[in-house]
There are 2 protein chains.
Amino acid sequence: MTPAATRRTVTLEDVAKEARVSRATVSRVVNGNEKVDQDLARRVVKAIASTGYIPNAAARTLVNRRTGTVALVMSGSDGSAAQVFADPFFGRITGGVVTYLRDRAMHPTLMLADSDRARRDALDFVRRGNADGALLVSTHAGDPLPQLFVDAGVPAVLFARPALPVPISFVDLDHEAGAALAANHLAERGCRQVATIAGPADLPAANSRLAGFQRAMARHGVPFVQVAHGNFTADSGEQAMIELLTAVPEIDGVFAANDLMAVGALRALRDHGRVVPDDVALIGFDDSEPARLTRPRLTTISQPVEEMAARMTAMLLTLLDTPGTAPSSVVFDPYLVARESA
Amino acid sequence: MTPAATRRTVTLEDVAKEARVSRATVSRVVNGNEKVDQDLARRVVKAIASTGYIPNAAARTLVNRRTGTVALVMSGSDGSAAQVFADPFFGRITGGVVTYLRDRAMHPTLMLADSDRARRDALDFVRRGNADGALLVSTHAGDPLPQLFVDAGVPAVLFARPALPVPISFVDLDHEAGAALAANHLAERGCRQVATIAGPADLPAANSRLAGFQRAMARHGVPFVQVAHGNFTADSGEQAMIELLTAVPEIDGVFAANDLMAVGALRALRDHGRVVPDDVALIGFDDSEPARLTRPRLTTISQPVEEMAARMTAMLLTLLDTPGTAPSSVVFDPYLVARESA
DNA sequence: GTGAAAGCGCTAACAG
DNA sequence: CTGTTAGCGCTTTCAC
């Protein structure tokens, strides 16, 4: 073999020279494109190896208009950086996205959109062509992010239905149905003094769960359910449970709008000498890791986050390949995972 | 205002024409670079606004050799995608990295290196210039990733000291000291029948914690500590605790090499009717979210992951700005967080 | 099938 | 201070 080249940077040109062909031919071989003569191809391959050639992504992108990168934008309420990443949700979404993307030789670039400035940055990131499109994990109701992307005509797909009616693709869960599952389970156990720990009021998903739960309980002859609000953290769940305990001393069933709050509720219940599920049955939502870590283990409503994230990614890639496509949506069905807490 | 341009893509050229200046001048204004005449600058700014100009990242990168992106490579044992992202560690590292990067207008691209193929992809990603450098979260001992990057001369910094002696920068924690902190605390409580739930044997950090614990206990006159191994998951911790309970029935103190395993141990302990901390004191490691969620709350050894991740990122950026720099390392000090479990 | 040549959009000397 | 002129490395018609 010839000694490895010491040049600052090996280009297509160098390979061409080495293989005694034109740049165009090397390009064709590199991209496995057209029909290139076997012999030439062999020579090119050898030249690539001997020169240690590595294609330059920027040059490619400049002409192809493709980066192989998508922005994964975590939209959080202002200044919630730490909390966003601490939530098990983040890991699950990321896992789903990465897993889907890697098989297509693509990668997500992480972005936090928790201020006007950050939102503009995220948008500009893809407008400048740093990414081909965006995956928006949008949460709260007033989030201007979706509209921002739609207005700019930037390809994007949402995780969670937009609160405001924005013409954009999204994946979501049937939150109402999930909450109804919890209500049914509680009712079947014979719970009558039922309460719920709801999520933040500015979060559409949280409201759907609350509404779904109330409606379903009403169908079971329980027209009133006490509600306390939390913010999806364990501590807030504990706090809410304490409130509930005072408001409804004879409480025998609780539905928490996510697992983390259910974990907090579990703590409060234990501290107050209530045995779960004997004294009070408790159901969470999400079926995330924490649900499996408690004692008793949490009965919960499963949300297939990884699968949803993968689907969202697939939708974005389709959108990228077929620009004109109209927005579409996919709503996943939740199901109840019966464990020990209810 | 003139009507917004409908052109397919607005370039510097268009802005120049609109402002009646040269491309160079526009470029200068855009980059806030040199001293440009106030009047011209104003005209340019106006033209940028009226044309809706957005700089093209690829073109820029092609000449600058900078992308503003760094690869965040999570190295996992083969085929552990899901587990990597489920670990609270992942979120904490990501949080630290994103937080540090965003102020510098940079972003991390996520990558999972859990196979030879994936490792090469990660390396090529930055070699092709998709990213300026790499942050390697390398775990297990045999990991070829660090060496791979060093051999290729690609700028990279590790999270966790490399098992094999590789000339590369890294941040790490003084695991031995952390374990010793746990040992001292247990000894001070008067624990004598002590055991530890160690991490995977192929993980340097886990071994250091084990060694540090054993050594410190020996200093306290406890020459032998029973050890059971887990794999850093809660389930494995529970399993290990069960083993320990049979091996050392009179056990009164346990040190788990991470919080997740401690959570599992807590479950086993409860199931066996042992009261924590009265019957047996339990200490975890990491001070991650789960440590705060249990009842009793976990006494644990704090590892400042976010801070370490930020520092690692800072080191990479320095390396990028000053290519010739010799590898450096920063070792953080752990401290004990006393809560209720010990 | 293969090569020549024309850009992709931008920055950075280098003159003026 | 500003404009002119080369490229950065690659893909892609378009002739041969």
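Proteins get letters first, then strands, A, B, ... in listed order; numbering begins at 1 in each.
Whole-Å rounding puts the B:D37 CG to D:dG3 P distance at 10 Å. The nearest whole Å value for the distance from the CD1 atom in A:I48 to the P atom in D:dG9 is 16 Å. When the P atom of D:dT2 is taken as reference, atom NZ of B:K17 falls 20 Å away, rounded to whole Å.
The side-chain hydrogen bond (donor to acceptor under 3.5 Å, both in side chains) search around B:S22 returns B:T25, not counting sequence neighbours. A:R92 pairs by the salt bridge (Lys or Arg N to Asp or Glu O under 4.0 Å) definition with A:E306, not counting sequence neighbours. Scanning for side-chain hydrogen bond (donor to acceptor under 3.5 Å, both in side chains) contacts around A:R161 gives A:D172, with sequence neighbours left out. Remark: B:A310 pairs with B:Y100 by the side chain to side chain contact (heavy atoms under 4.5 Å, CB included) rule, at least two apart or across chains. Partners of B:F90 under the ring-ring contact (aromatic ring centres under 6.0 Å, His included) rule, at least two apart in sequence or in another chain, are A:F90, B:F85.
In summary, A:D121 and A:R117 engage in a salt bridge, as defined by a charged side-chain N under 4.0 Å from a carboxylate O.
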Using distance only, find each side-chain donor-acceptor pair of residues 317-324 of chain A under 3.5 Å and give its atom names and separation, not counting sequence neighbours.
residue : atom : partner : partner atom : Å
A:T318  : OG1  : A:A314  : O            : 3.0
A:D321  : OD1  : A:R66   : NH2          : 3.1
A:T322  : OG1  : A:T318  : O            : 3.2

Quick one: side chains of residues 141-159 of chain B, donor-acceptor pairs under 3.5 Å with protein atoms, not counting sequence neighbours, listed by atom name and distance.
residue : atom : partner : partner atom : Å
B:D143  : OD1  : B:L145  : N            : 2.9
B:D143  : OD2  : B:S75   : OG           : 2.4
B:D143  : OD2  : B:S138  : OG           : 2.8

In B/S/- notation (B base, S sugar-phosphate only, - none; protein heavy atoms under 4.0 Å), nucleotides 9-16 of chain C written 5' to 3' is BBBBB---
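When the side-chain nitrogen and oxygen atoms of A:T25 are compared with OP1 and OP2 of C:dG3, one or more of them lie within a distance under 4.0 Å.
In the helix from C:dG1-D:dC16 to C:dG16-D:dC1, the rotation axis of the first five pairs and that of the last five pairs differ in direction by 40°, rounded to 10 degrees.
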